[in-house]
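Structure, as structure tokens:
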2 protein chains.
Amino acid sequence: MKVSHRGLYALRAMVFLAQKHGEGLASVQEIAAAEGIPVKFLESILATLRNARFVTSTRGRLGGYRLYHAPSEILVGDIVRLVDGPLAPFSDARGLSARVASETRHPALFDLLLDVRNAAASILDHTSLADLLERDQKILESRSTREKS
Amino acid sequence: MKVSHRGLYALRAMVFLAQKHGEGLASVQEIAAAEGIPVKFLESILATLRNARFVTSTRGRLGGYRLYHAPSEILVGDIVRLVDGPLAPFSDARGLSARVASETRHPALFDLLLDVRNAAASILDHTSLADLLERDQKILESRSTREKS
DNA sequence: AAATATCCCTATCGGATAAGTAGGATAACA
DNA sequence: TGTTATCCTACTTATCCGATAGGGATATTT
């Protein structure tokens, strides 16, 4: 499994939108500036997210993006899968045929890599954007109290 | 994290050598034929494994490769790290700087990806080649008994 | 209605990395 | 001394990924 730049950008953008959830729209410019993402690149990422109904958009002046669902209903695993493809820990598209070959020859090796994938998926699929926001809060709180002491 | 073709080939070759452990040498040709790996490609992979002292070789006639250590002392995680680099679940070399950036902005996201890496590392670092052989045995046994019944 | 700000669509480019190849030098052994 | 293997260096090719270019569609403001 691997989270590409594109995937990280998508996650960051989604977290940003989760923070603004309920406060109207955010433009590509705004998100790009806040998160340090190339504008045109972010545009194409948002197109992907829009097609999958993770975000919705309105155009024209004062247009922008917002989350389609509540932050608690969007799982990190789904975002990663959408942008970076399935979470398989072996590389590529021919993976299926390579899998069958190595499965028959070395089934335990195949199973092991499957365990890795399942462990990763389990973590990513049990964490929503709302969870991330909550944890960010706690981390920031503990940091500020540490500074005060 | 991601296991490349090269990494899978390396793992398969090592499992093959583990099966033959104590029975002398195996040539590149032999391994390549058994595992379905391009000969020249496997050569370069074995060079990497040799430099890291995972295997040892003797050349000339009747030459070949064998494991340097016992199968129980070689961890799958070490092989993957050697061939495919560190197990970080985000992509690239600039990962460090990108990490710091996203860590300060969205620390929880960073922590989550770290959890994924640790989970994967934990699985791969607790499994040796000997473990794989043992599991292969059990799997094959259960298959044959299932066929008999 | 015009100007402007925004999303939207298609196409492409450059760089990096990975997969695989070629050919010959070197060493061991019959 | 010839054969068979590893070893070494370099090259080719393919694929993917990050990023960019340029314009078209749409909605709001003036």
Side-chain angles (χ1 to χ4, degrees), chain A residues 2-13 17 24-33 35-66 68 80 83-86 88 90-95 97-98, chain B residues 2-10 12-13 17 24-33 35-66 68 80 82-86 88 90-95 97-98:
Chain A
K2 171 192 127 188
V3 178
S4 65
H5 254 201
R6 195 181 171 84
L8 260 184
Y9 286 159
L11 288 172
R12 305 236 297 268
L17 289 176
L25 302 171
S27 74
V28 175
Q29 299 288 341
E30 184 183 350
I31 306 172
E35 297 291 336
I37 304 173
V39 177
K40 280 296 198 179
F41 196 22
L42 178 57
E43 251 185 63
S44 83
I45 293 170
L46 286 169
T48 302
L49 292 169
R50 195 178 60 81
N51 291 334
R53 304 289 172 127
F54 283 83
V55 302
T56 186
S57 61
T58 54
R59 31 195 210 174
R61 247 188 120 154
L62 300 186
Y65 291 87
R66 63 178 178 80
Y68 196 89
V80 173
V83 176
D84 283 332
F90 22 74
S91 50
D92 63 307
R94 291 167 300 178
S97 54
Chain B
K2 172 191 129 190
V3 179
S4 65
H5 258 201
R6 192 180 173 83
L8 259 185
Y9 287 160
R12 304 235 297 269
L17 288 177
L25 303 169
S27 74
V28 175
Q29 299 287 342
E30 183 182 351
I31 306 171
E35 296 291 335
I37 305 172
V39 178
K40 278 298 197 177
F41 196 22
L42 178 58
E43 248 183 69
S44 81
I45 294 169
L46 286 169
T48 302
L49 292 170
R50 194 178 62 83
N51 291 334
R53 305 285 174 132
F54 282 82
V55 302
T56 187
S57 61
T58 54
R59 36 192 207 175
R61 250 193 114 152
L62 300 186
Y65 292 86
R66 63 179 177 81
Y68 196 88
V80 173
L82 173 68
V83 176
D84 283 332
F90 21 73
S91 49
D92 62 306
R94 290 165 302 179
S97 55

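Naming convention: chains lettered A, B, ... in sequence-line order (proteins, then strands); numbering from 1 in each chain. What you see is a predicted model; the values in this text were computed from it and never measured.
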- Message: By nearest heavy atom, map A/Arg6 and A/Glu43 onto DNA chain D; which one lands nearer the 5' end?
- Response: A/Arg6
Nearest to the side chain of [X], which nucleotide is it out of [options]?
| X | options | answer |
| --- | --- | --- |
| B/Lys2 | D/dT6, C/dC7, C/dA18 | C/dA18 |
| B/Ser27 | D/dG18, D/dT6, D/dT20 | D/dT6 |
| A/Lys40 | D/dT29, C/dA18, D/dG23 | D/dG23 |
| B/Arg61 | C/dC8, C/dA28, C/dT6 | C/dA28 |
| A/Arg59 | C/dA30, D/dT6, D/dT26 | D/dT26 |
| B/Ser57 | C/dC29, C/dA19, D/dT6 | D/dT6 |

- Item | Contact nearer the 5' end of DNA chain C, comparing B/Gly7 with A/Tyr65 | A/Tyr65
Without decimals, in angstroms, what is the distance between [X] [atom1] and [N] [atom2]?
| X | N | atom1 | atom2 | result |
| --- | --- | --- | --- | --- |
| A/Phe41 | C/dG15 | CZ | C1' | 14 Å |
| A/Leu8 | D/dA19 | CG | P | 11 Å |
| A/Asn51 | C/dC7 | CG | P | 15 Å |
| B/Leu62 | D/dT4 | CG | P | 11 Å |
| A/Leu42 | D/dA19 | CG | P | 11 Å |
| B/Ile31 | D/dA5 | CD1 | P | 13 Å |
| A/Ile45 | D/dT20 | CD1 | P | 12 Å |
| A/Glu30 | C/dC7 | CD | C1' | 15 Å |

- Phosphate-side-chain proximity, A/Tyr9 and D/dC17, N/O vs OP1/OP2 below 4.0 Å: no
- Message: With a 4.0 Å cutoff (strictly under), does any side-chain N or O of A/Arg50 reach OP1 or OP2 of C/dC7?
- Response: no
- What is the nucleic acid contact for B/Ser44, judged by heavy atoms within less than 4.0 Å: base, sugar-phosphate only, or nothing? nothing
If you look at every heavy atom in [X] and [Y], which pair is closest and at what distance?
| X | Y | value |
| --- | --- | --- |
| A/Ala32 | A/Val39 | CB-CG2, 3.9 Å |
| A/Val55 | A/Leu17 | CG1-CD1, 3.8 Å |
| A/Leu25 | A/Glu30 | O-OE1, 4.2 Å |

- Query: Any chance CZ of B/Phe41 has more than 12 other-residue heavy atoms, nucleotides or ligands included, within less than 6.0 Å?
  - Reply: yes
- Any side-chain heavy atom of A/Leu49 within less than 4.5 Å of one from A/Leu46? yes
